[in-house]
K.L.:
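The structure that follows is given in the form of structure tokens.
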Amino acid sequence: MIRIFPSYTYGPGPREGCWWNETIAAPHWPVLAGKVNADVAVIGGGFTGLSAALHLAQEGASVVVLEAETPGWGASGRNGGFCCLGGSKLDYPAMARRYGADAADAYAQAERDAVALVADLLARYRIEADTHSKGETQLAHTPRAMEALRRSASDEGVLHEAEDLPGLGFGGPFHGGYTTPVGFGLNPRKYLFGLADAVRNAGGSLFAQSPATAITRTDQRHAVATPKGRVECETVLICTNGYSSEDVPDWLAGRYMPAQSTIMVTRPLSDAELQAQGWISDQMCYDTRNLLHYFRLMPDRRFLFGMRGGLMSSPRAEAAIRARVRRDFDRMFAAWTGVEASHMWSGLVCLSRDLKPYVGPVPGRPGLFAGLAYHGNGVAMGTYCGRALAQLALGGPTALPSVLSQPPKRFPLGRFRRVLMPPIYAALALSDL
């Protein structure tokens, strides 16, 4: 594999301390050994890959999922559990300017459909994933940010002035907010493993510690090689997102940008501690920063707090970003400065140069499709794009909005493109002041 972060990024270090590991045991997936035949090989065992596999298996296709590590190891098993609108870093006006109002409307509907799809899968397969929250609230971190919320507020949601927040259970240094009624919080690992159970029950095959090392095509079929075996199939779906390799396939090189996100979870908070901070809501929230914070009080009364911003990856860099997360948490929730953070970990989100997801064919490679670049909102959008990949593999209609169907452009500088991020992050941090 050819990856653009140091090897530390893809090892156990950043993932150490992940709270979700303690909430549900990982299932056993065998290692692929020898040759296996299938209609479709899915590379990546996260939300996108398992959604694709499930929708394929439901239609009678034989499908094999190849996970490079263990179940739930990647972003789908270590994210914040926000099933919400999102997937693109373009707001509606920017998307309408670039692609047209009709395309922007279609994409906005796709975001709502993505959340509804997750809710449907949870209900249909009776997946208990600790869901909570009625929509999602964005909280203004400055008066200027609140003015922007007032200008952009839609009749679909509810605008909150600063004086409204204490009564809503939002205690912190916020200047107002806006709640959209779409979305909910969940335990991502429980959701992921619920999908995995559904795939297996539908006849799909799941393999762990079986990274795809090469994809070749002969006689109208593909061969996906792993260290101990291979899958021969008609169609291959690439569902690796921020943990992609530059050479599986070569087309991916330079078309995605992994970026780090770090999360901490506190011990359970007492009623007195919740009252002291004035945070008694179980609404999932994020702030108006470009390098945003996201947070929610979970059903077990632990508080989850995450943020973007880590650019380097090493034991020293990991310690530094975790310390920064703690400082930001203490500044925003001053009454909890003495509360223990029982768990903390990091993982990779995935950006595209076009700032929007892609789901579709790999140009010039018949029978090869990819879905990626959810910009930190992969619970819903990854699930949605996985279903679309299944529809593409089956040769049926997808009704995808045109925004999602345009292949991502390459970043400059190839494998060294990470050097672009520090000045971008610096500019974003300045704009957040």
Side-chain angles (χ1 to χ4, degrees), residues 79-82 84-95 133 135-153 157 159-162 165 168 170-180 183 185 242 257-265 277 279 281 283-297 303-312 320-334 336-337 341 344 346-351 355-356 374-378 420-433:
N79 65 87
F82 282 52
C84 57
L85 300 177
S88 172
K89 292 298 287 183
L90 297 173
D91 60 17
Y92 180 88
M95 188 168 285
S133 186
E136 183 180 38
T137 299
Q138 186 176 24
L139 294 168
H141 75 290
T142 64
R144 182 164 59 95
M146 186 59 203
E147 285 297 330
L149 282 184
R150 291 189 187 101
R151 291 193 299 270
S152 63
L159 189 69
H160 314 295
E161 296 299 333
L165 299 183
L168 297 170
F170 300 140
F174 306 113
H175 300 267
Y178 174 79
T179 293
T180 177
M257 179 75 79
Q260 185 168 293
S261 196
T262 302
I263 298 173
M264 64 169 269
V265 166
Q277 178 58 45
W279 193 283
S281 173
Q283 186 80 348
M284 59 182 187
C285 298
Y286 64 107
D287 64 20
T288 44
R289 290 174 174 84
N290 290 298
L291 299 177
L292 60 84
H293 301 95
Y294 49 96
F295 37 94
R296 60 189 177 102
L297 181 63
F303 198 81
L304 180 149
F305 180 84
M307 63 174 287
R308 305 279 191 264
L311 291 171
M312 308 302 290
I321 190 60
R322 294 187 185 199
R324 183 180 167 193
V325 169
R326 182 72 217 205
R327 287 195 301 271
D328 282 17
F329 174 82
D330 289 346
R331 177 174 52 81
M332 292 174 65
F333 302 101
W336 295 340
T337 55
M344 198 176 298
S346 299
L348 296 177
V349 300
C350 183
L351 318 178
L355 301 179
K356 51 87 180 175
Y374 311 127
H375 300 87
N377 286 282
L420 299 169
M421 297 301 286
I424 292 173
Y425 270 34
L428 291 174
L430 283 175
S431 68
D432 284 336
L433 296 176

K.L.:
Taking atom CE of Met312 as the centre, report whether more than 12 heavy atoms of other residues, nucleotides or ligands fall under 6.0 Å from it.
P.N.:
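No, not enclosed.
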
K.L.:
Please find the pair of heavy atoms, one from Gly242 and one from Leu348, that lie closest to each other, and give the distance.
P.N.:
O-CD1, 3.6 Å

K.L.:
Which residue in the set Leu297, Leu139, Thr179 passes side-chain contact (heavy atoms from CB on, under 4.5 Å) when paired with Gln283?
P.N.:
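Among the candidates, only Thr179 passes.
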
K.L.:
For Ser261, check side-chain hydrogen bond (donor to acceptor under 3.5 Å, both in side chains) against everything at least two apart and list the hits.
P.N.:
Tyr294, Arg308

K.L.:
Can you name the nearest heavy-atom pair linking Ser281 to Leu168, along with the distance?
P.N.:
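Looking at all heavy atoms of both residues, the shortest contact is CB-O, 3.5 Å.
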
K.L.:
Would you mind telling me which of Phe82, Tyr286, Trp279 makes a ring-ring contact (aromatic ring centres under 6.0 Å, His included) with Phe295?
P.N.:
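The single option meeting the ring-ring contact (aromatic ring centres under 6.0 Å, His included) with Phe295 is Trp279.
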
K.L.:
If you round to the nearest 0.5 Å, how far is CD1 of Ile263 from CZ of Phe305?
P.N.:
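Here the rounded value is 11.0 Å.
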
K.L.:
Please give me the minimum heavy-atom distance between Leu304 and Gly80, naming the atom from each residue.
P.N.:
CD1-O, 3.8 Å

K.L.:
Once you round to the nearest 0.5 Å, how far does OG1 of Thr262 lie from CZ of Arg322?
P.N.:
7.5 Å

K.L.:
Quick one: pull up NZ in Lys356 and CE in Met95 and give me the separation to the nearest 0.5 Å.
P.N.:
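Here the interatomic distance stands at 8.5 Å.
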
K.L.:
Looking at Asp287 and His293, would you say the former's side chain and the latter's main chain have a donor-acceptor pair under 3.5 Å?
P.N.:
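It does hold such a pair.
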
K.L.:
Do side-chain atoms of Ser88 reach the backbone of Leu355 as a donor and acceptor pair under 3.5 angstrom?
P.N.:
yes

K.L.:
Quick one, Arg289 with Asp328, criterion side-chain contact (heavy atoms from CB on, under 4.5 Å). Give me CA distance, side-chain angles, the key distance, then yes/no.
P.N.:
CA-CA 13 Å; Arg289 290 174 174 84; Asp328 282 17; over 6 Å; no

K.L.:
Indicate the atoms forming the closest heavy-atom contact of Gly376 with Val349, along with that distance.
P.N.:
CA-CG1, 3.7 Å

K.L.:
When rounded to the nearest 0.5 angstrom, what is the spacing between CE in Met332 and CD in Gln277?
P.N.:
9.5 Å

K.L.:
Between the side chain of His375 and the main-chain N/O of Gly87, is any donor-acceptor distance below 3.5 Å?
P.N.:
yes

K.L.:
Taking atom CD of Gln138 and atom CG of Leu149, what is their separation to the nearest 0.5 Å?
P.N.:
5.0 Å

K.L.:
How close do Phe170 and Cys285 get, counting heavy atoms only, and between which atoms?
P.N.:
CE2-SG, 3.8 Å

K.L.:
For the NZ atom of Lys89 and the CG atom of Asn290, what is their distance to the nearest 0.5 Å?
P.N.:
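Answer for the NZ-CG pair, Lys89 versus Asn290, is 6.5 Å.
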
K.L.:
Mark yes or no for whether Glu136, through its side chain, and Thr180, through its backbone, hold a donor-acceptor pair below 3.5 Å.
P.N.:
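Judged by distance alone, no pair lies under 3.5 Å.
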
K.L.:
If you count heavy atoms of other groups shown closer than 6.0 angstrom to CZ of Arg150, is the number above 12?
P.N.:
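Yes, because the 6.0 Å sphere around CZ of Arg150 holds more than 12 heavy atoms from other groups.
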
K.L.:
Just by modelled atom types, is the Thr337 backbone N or O under 3.5 Å from a matching donor or acceptor in the Arg326 side chain?
P.N.:
yes

K.L.:
For the backbone of Ala145 and the side chain of Thr288, can you confirm whether one donor and one acceptor N or O come within less than 3.5 Å of each other?
P.N.:
no

K.L.:
Strictly distance-based, threshold 3.5 Å: is any side-chain N or O of Arg296 a donor or acceptor partner for the main-chain N or O of Gly185?
P.N.:
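Flag not set: sc Arg296 to bb Gly185 has no pair under 3.5 Å.
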
K.L.:
Could you tell me whether the side chain of His175 reaches within less than 4.5 Å of the side chain of Arg144, counting heavy atoms only?
P.N.:
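No - every pair of side-chain heavy atoms lies 4.5 Å or more apart.
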
